[in-house]
Engineer: 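Provided herewith is a single structure, encoded as structure tokens, for subsequent inquiry.
In what follows, every chain begins at residue 1, and chains take the letters A, B, ... in the order their sequences are listed.
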Amino acid sequence: MTKRYYITTPIYYVNGAPHIGHAYTTIAADVLARWKRLAGYDVFFLTGTDEHGQKVEKAAAEAGLDPQSFTDRVAADFRDMAARMGASNDDFIRTTEPRHRHACSVLWQRLVERGEIYLGEYQGWYAVRDEAFYNESELVPGPDGTRLAPSGAPVEWVREPSYFFRLSAWQDRMLAFYAENPDFILPLSRRNELLSFVRTGLSDLSISRASFRWGIPVPGDPAHVMYVWLDALANYITAAGFPDEADPRWAFWPADLHLVGKEIARFHALYWPAFLMAAGLAPPKRVFAHGWWTVEGEKMSKSLGNVIDPRDLLARFGLDPVRYFLLREVPFGNDGDFSRRALITRMNVELANDLGNLAQRSLSLIARHCAATLPALPKSPTDADNTLLSAAAALPRDLAGALDRLAFSEALDEIWKIVRAANAYIDHQAPWALRRTDPPRMAAVLRVLADVLRIIATVLSPFMPESMARMLDQLGVPPSARDLAALAVPLPAGTPLPPPQAVFPRFAEPA
RNA sequence: GGCGGCGUAGCUCAGCGGUAGAGCAGGGGAAUCAUAAUCCCUUGGUCGGGGGUUCAAAUCCCUCCGCCGCUACCA
């Protein structure tokens, strides 16, 4: 039976350019997708763009473009970002595509048929200047006693017809769902927030707008377009072939994991499963909300001018070090700080010194003293050999555990324990000294190192695909033998190895 | 206001009932195969303040101080 794994990033809202936060989600999802493929799963990895809504309509107008041309341009930019981040996504969905408009319409109709949608009236304090509704509690008193929006804009009480989703009827069923699926929304802090939100009571959700046009029309009532979140969330089933349940991709539903930023946890962990269950569809298995990055200790903002285009980072530091840093520096789920200094330290200490140099010193000795071919495994391995080899051999299993919990930084920490152990091993064994006293033992030591490096490079390949492919090249591992299962089969002694080349050069500060 | 979380070595954090841990940074030594990288040893903390429970508390309870998140339609 095929093991399947369906993972998604959010679809990114196209009213701004891609920044480090988008890259972060995409990279994390990519690592999991690659890891699952390595472990033998049939993976479907989806990313894309969310292109409807009033903000997009407005941003397009400001850019002097019609909405479709505008979204075409920005969507292309996000697609480029994903590719440059090394994302191995199997599909890239845009909510303006016909397949998605169709899926949304069918989903809507199903909700109507099941009595989950009704036509009502949306009312509230509306600020024309902000084009936004505000809560009573958010309003501030104006100078002449009138109410004002937090922005200072005047507000008026507005009523407009709107379709509603009967969310209030789902409160108990959602609480039961969370109780039955304690790991549905992670990390735990987000689960607590969500539970307390649901317990305080759910109101019905307005799911259509009549005040602008840029969206998917409500079936049977073209004066309304669908609420952007209903539209956006549905992308995850559109891409799985909905409503065509004969589509091979439908076998991937329900999704194993929706990776999201913490700001959109509620949409994915409450509204989305409620919509799905209301439509008679299975909810996703898990939602994980990661944290936010500050830059050099400051919140990212356009006015501070510190918004980083991830592609600028690649140009300066290279793709793999950036991927490594983002997942190593901060426990996934926490907020973190992106600092140039911290990145350079990790590049130089962990990538160049610890791992890069370990490979270089081991491979140089093999190249020079073993006729550039892979030595044979030790005939009678020592305790030191066995300790190191078995610790390395345990990595795939240990990492599977950590990665199932999305503990990327823990996983990398586990790997680095082995890297340090291997550096201690080579120092203690001193193969450069054995060369004179005991050449067969030198060869055995070097083979142990080569095998340990092979395991390390294999399990690290989801994190740093390009660099680890080069390392595996140098270790003589054929492309067909680079998954977890292949680790069980030792490479034949005598395999010719190419000349070693540094995989992670030290980063020198430009003068 | 309500609900939840955090405050542990210079820095980033782990530990969550049994007399303080990791990485980085700092100090000393070894080695010289290697990207002057590595290895070994080591200096740092009355675990935010106070009170309590316990034979025993970073670890449980109370309280105070300081931060932070959520509190409905806003990626």
Engineer: Classify the nucleic acid contact of A:Arg368 as base, sugar-phosphate or nothing, counting any heavy atom under 4.0 Å across all strands shown.
Structural biologist: sugar-phosphate

Engineer: Could you check whether A:Ile264 gets within reach of a base, just the sugar-phosphate, or nothing at all, counting any heavy atom under 4.0 Å?
Structural biologist: sugar-phosphate

Engineer: Checking contacts here: which listed nucleotide (B:A75, B:A25, B:C73) is nearest the side-chain heavy atoms of A:Val349?
Structural biologist: B:A25

Engineer: With a 6.0 Å cut-off on the ring centroids, do A:Phe325 and A:Phe338 count as close?
Structural biologist: yes

Engineer: If I pick the C1' atom on B:A20 and the same atom on B:C62, what distance separates them, to the nearest angstrom?
Structural biologist: 25 Å

Engineer: Tabulate atom names and distances for all N/O pairs under 3.5 angstrom spanning the protein and nucleotides 6-14 of chain B.
Structural biologist:
none

Engineer: On the nucleotide B:A37, are OP1 or OP2 found under 4.0 Å from the side-chain N or O atoms that A:Arg506 carries?
Structural biologist: yes

Engineer: Write down the distance between CD1 (A:Ile366) and P (B:A34), rounded to a whole number of angstrom.
Structural biologist: 14 Å

Engineer: If you measure from the C1' atom in B:G66 to the same atom in B:A72, how many Å do you get, rounded?
Structural biologist: 30 Å

Engineer: Mapping A:Ser203 and A:Tyr12 onto RNA chain B by nearest heavy atom, which one lands closer to the 5' end?
Structural biologist: A:Ser203

Engineer: Find the distance A:Asp413:CG to B:G15:P and express it as a whole number of Å.
Structural biologist: 12 Å

Engineer: Could you go over nucleotides 1-5 of chain B and give all protein N or O partners under 3.5 Å, atom names and distances?
Structural biologist:
none

Engineer: Scan A:Asp354 against the nucleic acid and name what it touches under 4.0 Å (heavy atoms): base, sugar-phosphate only, or nothing.
Structural biologist: sugar-phosphate

Engineer: Which is true for A:Arg191 with a 4.0 Å heavy-atom rule: it touches a base, it touches only sugar-phosphate, or it touches nothing?
Structural biologist: nothing

Engineer: Taking atom C1' in both B:U19 and B:C47, what distance in whole Å separates the two?
Structural biologist: 14 Å

Engineer: With a sphere of 6.0 Å drawn around CD of A:Glu466, does it hold more than 12 non-hydrogen atoms of other residues, nucleotides or ligands?
Structural biologist: no

Engineer: Tell me the interatomic distance from A:Leu358, atom CG, to B:A34, atom P, rounded to whole angstroms.
Structural biologist: 14 Å

Engineer: For B:U59 versus B:U54, give the span between their P atoms, rounded off to a whole number of Å.
Structural biologist: 16 Å

Engineer: Would you say the side chain of A:Tyr236 lies within less than 4.5 Å of the side chain of A:Ile93, judging by non-hydrogen atoms?
Structural biologist: no

Engineer: Under 4.0 Å, counting only non-hydrogen atoms across every strand here, what does A:Leu202 touch: a base, just sugar-phosphate, or nothing?
Structural biologist: base

Engineer: My understanding is that only one of A:Trp108, A:Tyr118, A:Tyr122 makes a ring pair (Phe, Tyr, Trp, His ring centres under 6.0 Å) with A:Tyr163; could you say which?
Structural biologist: A:Trp108

Engineer: According to the ring pair (Phe, Tyr, Trp, His ring centres under 6.0 Å) rule, which pairs have a member within residues 416-447 of chain A, sequence neighbours left out?
Structural biologist: A:Tyr324-A:Trp416

Engineer: Just to be sure I understand the rule, does A:Lys55 reach a base, reach only the sugar-phosphate, or reach nothing, if contact means heavy atoms closer than 4.0 Å?
Structural biologist: sugar-phosphate

Engineer: Spell out yes or no: do the side chain of A:Ser364 and the base of B:A34 have one donor N/O and one acceptor N/O closer than 3.5 Å?
Structural biologist: no

Engineer: Under 3.5 Å, sequence neighbours excluded: what are the donor-acceptor pairs made by side chains of residues 327-334 of chain A?
Structural biologist:
| residue | atom | partner | partner atom | Å |
| --- | --- | --- | --- | --- |
| A:Arg328 | NH2 | A:Asp413 | OD1 | 3.2 |
| A:Glu329 | OE1 | A:Arg346 | NE | 2.5 |
| A:Glu329 | OE1 | A:Arg346 | NH2 | 3.1 |

Engineer: Does A:Phe317 have A:Arg340 sitting over its ring (NZ/CZ under 6.0 Å from centre, angle to axis within 45°)?
Structural biologist: no

Engineer: Determine the Euclidean distance between corresponding C1' atoms of B:A34 and B:C67; express it in Å to zero decimal places.
Structural biologist: 46 Å

Engineer: Quick one, A:Asp451 with A:Arg447, criterion salt bridge (Lys or Arg N to Asp or Glu O under 4.0 Å). Give me CA distance, side-chain angles, the key distance, then yes/no.
Structural biologist: CA-CA 6 Å; A:Asp451 281 5; A:Arg447 174 58 193 251; 2.9 Å; yes

Engineer: Taking syn as within 90° of 0 and anti otherwise, name the glycosidic form of B:A34.
Structural biologist: anti

Engineer: Here's a test of your reading of the structure: between A:Pro505 and A:Val228, which maps to the more 5' nucleotide of RNA chain B?
Structural biologist: A:Pro505

Engineer: Checking understanding here: a glycosidic angle within 90° of 0 is syn, the rest anti, so what is B:G21?
Structural biologist: anti

Engineer: Between A:Asp385 and A:Thr382, do the side chains contain a donor N or O and an acceptor N or O under 3.5 Å apart?
Structural biologist: yes

Engineer: Rounding to an integer number of angstrom, what distance separates B:A30 and B:C68 when you compare their C1' atoms?
Structural biologist: 47 Å

Engineer: Can you label the angle between the A:Phe165 ring and the A:Trp170 ring as parallel, tilted or perpendicular, going by 30° and 60°?
Structural biologist: parallel

Engineer: Would you say A:Gln123 has more than 12 foreign heavy atoms packed within less than 6.0 Å of its CD?
Structural biologist: yes

Engineer: Quick check, are the ring centers of A:Trp229 and A:Tyr271 under 6.0 angstrom apart?
Structural biologist: no

Engineer: Without decimals, in angstroms, what is the distance between A:Trp292 CH2 and B:A75 P?
Structural biologist: 12 Å

Engineer: When you look for runs of 3 or more Watson-Crick or G-U pairs in a row, both distances below 3.5 Å, which of them include RNA chain B?
Structural biologist: B:1-7 with B:65-71, B:10-13 with B:21-24, B:26-30 with B:38-42, B:48-52 with B:60-64

Engineer: If you measure from the P atom in B:G7 to the same atom in B:G15, how many Å do you get, rounded?
Structural biologist: 10 Å

Engineer: Measure the distance from CZ on A:Arg199 to C1' on B:A72 and round it to the nearest whole Å.
Structural biologist: 17 Å

Engineer: Give me the distance, rounded to whole Å, that separates B:U8 from B:G45 when you measure between the P atoms they each carry.
Structural biologist: 15 Å

Engineer: Mind checking A:Val503 for me? I need base, sugar-phosphate or nothing, with any heavy atom below 4.0 Å counting as a touch.
Structural biologist: base

Engineer: Does the A:Arg420 side chain pair with the main chain of A:Asp354, one donor and one acceptor, at a distance under 3.5 Å?
Structural biologist: no

Engineer: Just checking A:His19: base, sugar-phosphate only, or nothing, at a heavy-atom cut-off of under 4.0 Å?
Structural biologist: base

Engineer: Atom CG of A:Asn348 to atom P of B:U35: distance rounded to whole Å?
Structural biologist: 15 Å

Engineer: Check every strand shown and say whether A:Phe197 touches a base, only sugar-phosphate, or nothing at a heavy-atom separation below 4.0 Å.
Structural biologist: base

Engineer: What is the distance from atom CG of A:Asp172 to atom CZ of A:Arg199, rounded to the nearest 0.5 Å?
Structural biologist: 11.5 Å

Engineer: Please state how far atom CD in A:Glu350 lies from atom C1' in B:A22, giving the value in whole angstrom units.
Structural biologist: 12 Å

Engineer: With no hydrogens and no angle check, do the side chains of A:Asn181 and A:Arg286 hold a donor and an acceptor under 3.5 Å apart?
Structural biologist: no

Engineer: Check the side chains of A:Ser162 and A:Ser206 for a donor-acceptor pair under 3.5 angstrom, ignoring hydrogens and angles.
Structural biologist: yes

Engineer: Just to be sure I understand the geometry, which residues of residues 415-431 of chain A put a non-hydrogen atom under 4.0 Å away from RNA chain B?
Structural biologist: A:Arg420, A:Asn423, A:Ala424, A:Asp427, A:His428

Engineer: CG of A:Asn357 versus P of B:U38: gap in Å, rounded?
Structural biologist: 7 Å

Engineer: Is the gap between the ring centers of A:His290 and A:Phe408 under 6.0 Å?
Structural biologist: no

Engineer: Reckon A:Gly201 touches a base, only the sugar-phosphate, or nothing at all at heavy-atom distances under 4.0 Å?
Structural biologist: base

